[in-house]
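Take a look at the structure set out below.
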There are 2 protein chains.
Amino acid sequence: MSCKRRCGAQWWHGKVKDCGYRITSGREAIIEALSVTQDHLSAEDVYTRIHDKYPNVGLTTIYRTLDMLVNAGLVFRFDFGDGKSRYELTEGPKGAHHHHHLVCTECKRVIDYTDFIDDELELLRSTEKGLSEKYGFRIDNHLIQFYGTCTDCLAK
Amino acid sequence: MSCKRRCGAQWWHGKVKDCGYRITSGREAIIEALSVTQDHLSAEDVYTRIHDKYPNVGLTTIYRTLDMLVNAGLVFRFDFGDGKSRYELTEGPKGAHHHHHLVCTECKRVIDYTDFIDDELELLRSTEKGLSEKYGFRIDNHLIQFYGTCTDCLAK
DNA sequence: TCCTTAATGGAAACAATTTCCAATAATAAG
DNA sequence: CTTATTATTGGAAATTGTTTCCATTAAGGA
């Protein structure tokens, strides 16, 4: 039985197919895990979260799939300085929910913020345009993070 | 003979001492390596560059020292997605030379740009203020990177 | 339903970084 | 200057996130 039969069509199937990738139940599971959380999951986090329901999806597949999803533009990879990559969907079933990050350098806690995002995005757009013209880059993405110490760590 | 005698006082000695760290010739060498280049050095790059002149500085010391310098605020650690950390002085002997990065996701080439930096910094300052008030963070730093494909990789 | 080929899991390899520990050297104290 | 204290050190070994290998499985077009 094909995976499509089993799972039903999903919002992301088109994008994955357009890039020439197949739809599999492992990929289903991984995207599902990313879409039901606000957390910033590492590859191993994903593994842990799907392992009960999909015990036959190995860690290797998770790494491979996350790479693939980053390539396909469905997932963004972040580095918050704790030695492992963290992944987030670039958009959910309901569309984009754009945010940037505030990272505590003590406890590595990450806060997603959307405040001021409109001003930021506007500036980014114009900067992007200027940069791509000047340097001949095709710009697909940006990263903004603020680093500091969170309330809890300041209290210590 | 103390290191200070051997090396003479340097612009960064105060900061390092204020944090309770000692001045050693290894640290001298590492900061020297970072300050004479525009490149984004990895720990191993630093090792390679100082090894002729300081054959007795080991890779372990480099990792430790870079960590220490990041803590002391003299060095910033970057991740450009090639699997190793890269380091830059936050300021040189002549003071800050603030820039942001344009990263090619194909070849991992990194361009430092300073265009539009004033507008960016102004927006960042006000965002920083807003965020630190709202979330109770003390913000010490920020990161802005643009990702895309460079001219050379586009040509292929 | 069959066929081609992408996708898979698990073990092993890999690479960046960290840990351990005895030896060394920077600085404070005398 | 000399001595005592203690941070720093190099190198080997351990660790850990990630990738590679390869024989097996399964997706999806025909």
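Lettering of chains follows the sequences in order, A, B, ..., and the numbering in each one begins at 1.
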Are any side-chain N or O atoms of B/R86 and backbone N or O atoms of B/H40, one a donor and one an acceptor, separated by less than 3.5 Å?
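At least one qualifying donor-acceptor pair exists.
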Check whether any side-chain heavy atom of A/L69 lies under 4.5 Å from a side-chain heavy atom of A/K15, and answer yes or no.
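A/L69 vs A/K15: side chains apart.
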Are any non-hydrogen side-chain atoms of A/M68 and A/R27 less than 4.5 angstrom apart?
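Contact flag for A/M68/A/R27 side chains = yes.
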Note: A/R138-A/D140 ion pair, threshold 4.0 Å (strictly below)
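Yes, charged N to carboxylate O under 4.0 Å.
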For [X] and [N], what is the distance between atoms [atom1] and [atom2] respectively, to the nearest whole Å?
| X | N | atom1 | atom2 | result |
| --- | --- | --- | --- | --- |
| B/Y47 | D/dT9 | OH | C1' | 13 Å |
| B/H13 | C/dT27 | NE2 | C1' | 14 Å |
| B/D82 | C/dT17 | CG | C1' | 14 Å |
| B/R27 | D/dA7 | CZ | P | 11 Å |
| A/M68 | C/dA7 | CE | P | 7 Å |
| B/Y21 | D/dT8 | OH | P | 8 Å |
| B/L66 | D/dT9 | CG | P | 11 Å |
| A/K17 | D/dG29 | NZ | P | 6 Å |

In this structure, are over 12 heavy atoms from other groups packed under 6.0 Å from B/K108 atom NZ?
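Yes, NZ of B/K108 has more than 12 neighbouring heavy atoms, counting only those of other groups under 6.0 Å.
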Please verify the inter-ring angle class for A/H100 with A/H98; under 30° counts as parallel, over 60° as perpendicular, anything in between as tilted.
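A/H100 vs A/H98 ring planes: perpendicular.
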Regarding B/S85, tell me which of base, sugar-phosphate or nothing describes its non-hydrogen contacts under 4.0 Å with the strands shown.
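Contact class for B/S85: sugar-phosphate only.
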Among B/F80, B/F146, B/Y113, find the one that has a ring pair (Phe, Tyr, Trp, His ring centres under 6.0 Å) with B/H101.
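Testing B/H101 for a ring pair (Phe, Tyr, Trp, His ring centres under 6.0 Å) against B/F80, B/F146, B/Y113 leaves exactly one candidate, B/F80.
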Of the options D/dG17, D/dG10, D/dT8, whose atoms approach the side-chain atoms of A/K84 most closely?
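Of the candidates, D/dG17 comes closest.
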Report the nucleotide, chosen from C/dA16, D/dG28, D/dG10, that has the shortest atom-to-atom distance to any side-chain atom of B/V57.
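That would be D/dG10.
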Enumerate the protein-to-nucleotides 19-25 of chain D contacts in which both atoms are nitrogen or oxygen and the separation is below 3.5 Å.
none

Take B/T61 and A/E44, find for each the nucleotide of DNA chain D with the closest heavy atom, and name the residue whose nucleotide sits nearer the 5' end.
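That would be B/T61.
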Starting from the 5' end of DNA chain C, give me the residue, B/R22 or B/Y87, whose nearest nucleotide shows up first.
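Per heavy-atom nearest nucleotide, the more 5' residue is B/Y87.
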